[in-house]
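Only one structure is covered here, and it is reproduced in the block below.
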Amino acid sequence: MTAQSNARHILSVNDLSESEIKEIFSRAKEFKEKGFSSSVFFSRDVSSVPVVALAFFEPSTRTKLSFDAAAQRLGLKTIGFDNPESTSSAKGEQLFDTLKVIEQYADAIVIRRKEHDTPDVVKSTSTVPVISAGVGAQEHPTQGLLDVFTISEHRDIESVNHVVSYGDLANSRTVYSQVRMLARPGITFSFVASEQMQISDEFQAELIAAGANVVLTNTLDDVIGDADILHVIRPQRERWGTDSHDMYATVDLETMKKMKKDALLMSPLPRVGELDPATDSDSRSIVWQQVKNGMFVRAAILEWILTN
Ligand code: CP
């Protein structure tokens, strides 16, 4: 299972340079402000329009549909599945063979899967570009990208000095990608979670090595008043197995009264009790902007990876 080419993959936010991220954000902004008419694929003969495969081994609403919508709006074609039980993986086919199958039909692959060996298998197998749509509790790079793009619409990223992540952090891939993207010397990351749901020692060490300050607490009130961003993470029950977990307090309009006037409330969604839908009425909530921007950022990512 040795890859035949040096295909470019996006399996972590660390797979993109600062200048590449700027390029992707600039294109996403263009799509958002002017529509998709400048897509490079519109000028192509229909027989040479790239095909994007959407291979979702785990459930998704936002990520799958925004990739699909982005591809269609760019003039691309899509194939794929979102129920692995209807594919040959249900018969025991291994990922490296599934990838070899898909690359016979598609020019790029978007994959969501729970197993943490996914990036290694992709790198050793796929000859076409692969974009991670989230791997287990590891990373969700395109969510990290759309998060930072959405923050940048409201404030200068360099002015974000304190990010508070709240909830089931141990099992959240979105926290890892967002925080990695924002990490810089001097920034403070507060992680509010029970011991059972707290970030790993390795991730804490990685952030400290990057020059960030790290605060671990189980009390949101300790840090909420100083937060520039409050990132609310749902209980990831699908990853809990048989262990029992205590649920944490819902973030609601009362909680938001403790936030700074220019702070931002974010969530990757879905919300299942940890975030009161009534918070949508507060202009500091940017959760639906995150959802919408997912399509523009993923369009920019697809165009970039298929033309580089
Ligand atoms: N934010 C996110 O990944 O949502 P979905 O699971 O619905 O794709």
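These numbers come from a predicted model, not from an experiment. Index from 1, following the sequence. Both counts, for ligands and for their atoms, begin at 1 and track the order of listing.
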Practice task
Fit a plane to each ring of F36 and F31, take the angle between them on a 0 to 90° scale, and name the class: parallel (under 30°), tilted (30 to 60°) or perpendicular (over 60°).
Solution key: parallel
Problem - Plane angle bin for Y166 and Y248 - parallel if under 30°, tilted between 30 and 60°, otherwise perpendicular - result: perpendicular
Practice task
Return the residue, atom name and 0.1 Å-rounded distance of the protein heavy atom closest to atom 7 (O) of ligand 1.
Solution key: T61 N, 2.8 Å
Problem - Shortest protein heavy-atom distance from atom 4 (O) of ligand 1, along with the residue and atom involved - result: R62 NE, 3.0 Å
Handout entry: Passing candidate, side-chain contact (heavy atoms from CB on, under 4.5 Å) with F191, options V214, V215, V163
Key = V214
Exercise for the section: Identify the protein heavy atom lying closest to atom 2 (C) of ligand 1, giving its residue, its atom name and the separation to 0.1 Å. Expected result: T63 OG1, 3.5 Å
Practice task
Please state which part of T174 comes within less than 4.0 Å of ligand 1, counting heavy atoms only: side chain, backbone, both or neither.
Solution key: neither
Problem - Any R112 heavy atom less than 4.0 Å to ligand 1 - result: yes
Practice task
Evaluate the ring planes of Y176 and F203, with Trp represented by its six-membered ring, and classify them as parallel (under 30°), tilted (30 to 60°) or perpendicular (over 60°).
Solution key: tilted
Problem - Residue from S43, S47, S48 passing side chain to side chain donor-acceptor pair (under 3.5 Å) with D45 - result: S47
Handout entry: Contact (N/O only, under 3.5 Å) between P268 and ligand 1
Key = yes
